[in-house]
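These notes concern the structure reproduced below.
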Amino acid sequence: MSSLTVSGVPIASAIERLPAAAEDAITKGHTVMGAPDALVVVTNLFVPTVQRLTGESDYHADRGGGDVAARTVTTTDGDVVVIVNWEVMATKSLGVLERVLAHESGHLQIMRRAEEPYELLDEILDDPWDFTVASMFAVCVDEYRCEAAVFAAGYSVENSHTDFEYEGTLTGLNIASIGANFEYQKHLDVARLRSDVLAAMSNHTKTLGCMAARHLHGHPFDPANLSTHGQANWSELVAPAWVELLGLLAEVPDASSAWPGKESAQTATSGISMMNTFCKSLGYLAEPDKFWIKMDLATFNQRLDRANAEMKIFDQR
């Protein structure tokens, strides 16, 4: 692994030669919000690099069909490092690369200030379901804070969560949530069903944090801009929780501002109700020691037909 320094930002590269323009984009994105210097690792071996630096041997980059562009991690030595997935980013524009690094610099600041609330949540929440969804919502809050800072720094919605990209994400949410039901009919393992639904919720909740930042910072999201299928997915799966989500995030500071972990934890616990609404809109209901499928057969078939129609459209693009 070679290393270089660009404008005070050390960059370690497993790439034979990182283009100078890419170095400039990485440096600008990293520093635009005043983030402190940090090591930025650019690699084609993203997953094993994350696993090696963090000690998380079970880490994977499966996000329900989406690609992980970068991740900011705390290493086993206690350092905060930004890891860029060059296998993905080499196919993107310099504008996308710069914006991704600006977003990751937000995570860097949050982590450097030790504002993540997970240990506090573990202390105040006894119910495993509440702890799980509150932790998921805490991730959503972090995504919101990072994107809010990116918009405050002057970036537009371009190269980010556009209506077109979100339409595809909604399709993935529909497929994942009905797919969990479909698979359950074969394995009849409630714990696995719950895990599959939580995975679908987790992936989309992160996106919702970014969409909320867009909506509240000068780039309102209007579901009327989506296709007929996209509008149906939005109306059924996300809209029931959207207004509550916006209310929870409206007063949350962006990543450039300090925010005590105690307040972050309070917001995360306040999101439990919203997360339960989201779960129910996907067709499931969590109760103490139980997890229920609430969608009826007619709803399942309707959503399945929509998913099949959407996949045909995407295959033709």
Side-chain angles (χ1 to χ4, degrees), residues 29 32-35 66 69 72 95-96 98-111 113 115-117 133-170 173 201-226 230-231 233-235 237-261 263-278 281:
V32 71
M33 292 191 294
T72 301
V96 172
E98 179 185 327
R99 201 184 195 291
V100 165
L101 266 293
H103 178 96
E104 292 304 318
S105 75
H107 286 297
L108 173 68
Q109 292 180 77
I110 290 171
M111 294 168 73
R113 294 192 301 257
E115 294 174 351
E116 296 170 296
V133 295
S135 297
M136 287 165 51
F137 187 62
V139 174
C140 170
V141 172
D142 279 355
E143 293 299 314
Y144 169 83
R145 296 184 69 197
C146 293
E147 279 296 290
V150 168
F151 285 120
Y155 289 91
S156 70
V157 75
E158 186 180 7
N159 301 326
S160 181
H161 297 275
T162 63
D163 294 338
F164 176 78
E165 290 185 345
Y166 187 51
E167 176 127 1
T169 304
L170 281 169
L173 176 63
M201 290 177 63
S202 177
N203 291 335
H204 204 80
T205 302
K206 294 176 186 176
T207 300
L208 285 178
C210 297
M211 292 298 292
R214 166 193 159 172
H215 187 81
L216 294 172
H217 292 82
H219 305 278
F221 170 68
D222 185 353
N225 294 329
L226 303 176
Q231 290 180 43
N233 281 331
W234 168 266
S235 177
L237 308 181
V238 180
W242 178 242
V243 173
E244 186 175 359
L245 172 70
L246 293 179
L248 289 166
L249 296 177
E251 301 301 321
V252 170
D254 70 37
S256 297
S257 303
W259 197 44
E263 294 183 29
S264 178
Q266 183 177 356
T267 298
T269 57
S270 297
I272 292 173
S273 172
M274 185 279 298
M275 293 294 287
N276 285 334
T277 298
F278 182 35
S281 70

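Note that CG of L173 is 11.0 Å distant from CH2 of W234, once rounded to the nearest 0.5 Å. Between the CZ atom of F278 and the SG atom of C140 there is a distance of 9.5 Å, given to the nearest 0.5 Å. The line from CD of E244 to OG of S273 is 4.0 Å long, rounded to the nearest 0.5 Å. One finds the CG atom of L245 at 5.0 Å from the CE atom of M274 (value rounded to the nearest 0.5 Å). Rounding to the nearest 0.5 angstrom, the gap separating the CG atom in L237 from the NE2 atom in H204 is 8.0 Å. Atom OG1 of T205 is separated from atom CE of M275 by 3.5 Å, given to the nearest 0.5 angstrom.
Residue pairs that meet the side-chain hydrogen bond (donor to acceptor under 3.5 Å, both in side chains) test with at least one member in residues 248-258, sequence neighbours left out, do not exist here. For the salt bridge (Lys or Arg N to Asp or Glu O under 4.0 Å) condition, the pairs that include at least one residue of residues 147-156, sequence neighbours left out, are R99-E147. The salt bridge (Lys or Arg N to Asp or Glu O under 4.0 Å) pairs that include a residue from residues 211-223 are D163-R214, where partners are two or more places apart or lie in different chains.
Counting only distance, with no hydrogens or angles, the side chain of H219 and the backbone of H215 share no donor-acceptor pair below 3.5 Å. E167 places no side-chain N or O within donor-acceptor distance of the main-chain N or O of L226, the cut-off being under 3.5 Å. Here the side chain of R113 pairs no donor or acceptor atom with the backbone of P260 at under 3.5 angstrom.
Within a 6.0 Å radius of CD in Q266, no more than 12 heavy atoms belonging to other residues, nucleotides or ligands are found. In the displayed structure, E158 atom CD is contacted under 6.0 Å by at most 12 heavy atoms of other residues, nucleotides or ligands.
Closest non-hydrogen pair, V238 versus S281, comes out as N-OG, 4.5 Å. Residue S202 comes nearest to M136 through the heavy atom pair N-CE, 3.4 Å, listed as atom of the first residue, atom of the second, then distance. The shortest heavy-atom contact between G271 and L248 is CA-CD1, 3.7 Å. The shortest heavy-atom contact between P240 and T277 is O-CG2, 3.5 Å.
Within the 4.5 Å cutoff, no side-chain heavy atoms of E115 are placed close to those of Q109.
Ring geometry for W242 against F221 counts as perpendicular: the plane angle is over 60°, on a 0 to 90° scale with 30° as the lower cut.
The salt bridge (charged side-chain N to carboxylate O under 4.0 Å, His left out) search around E98 returns K28, not counting sequence neighbours. With sequence neighbours excluded, the residues forming a side chain to side chain contact (heavy atoms under 4.5 Å, CB included) with T207 are H161, Y166, T169, M211, listed by chain and number. Partners of V252 according to the side chain to side chain contact (heavy atoms under 4.5 Å, CB included) rule, which considers only residues two or more places apart in sequence or in another chain, are V141, Y144, R145, L249, W259, T267. T72 pairs by the side chain to side chain contact (heavy atoms under 4.5 Å, CB included) definition with V80, V82, E104, H107, L108, M111, not counting sequence neighbours. By the side chain to side chain contact (heavy atoms under 4.5 Å, CB included) test, S235 pairs with no residue at all, sequence neighbours left out.
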Next item on the list: Given side-chain contact (heavy atoms from CB on, under 4.5 Å), test M33 with S105 step by step and report yes or no.
Entry: CA-CA 7 Å; M33 292 191 294; S105 75; 3.0 Å; yes

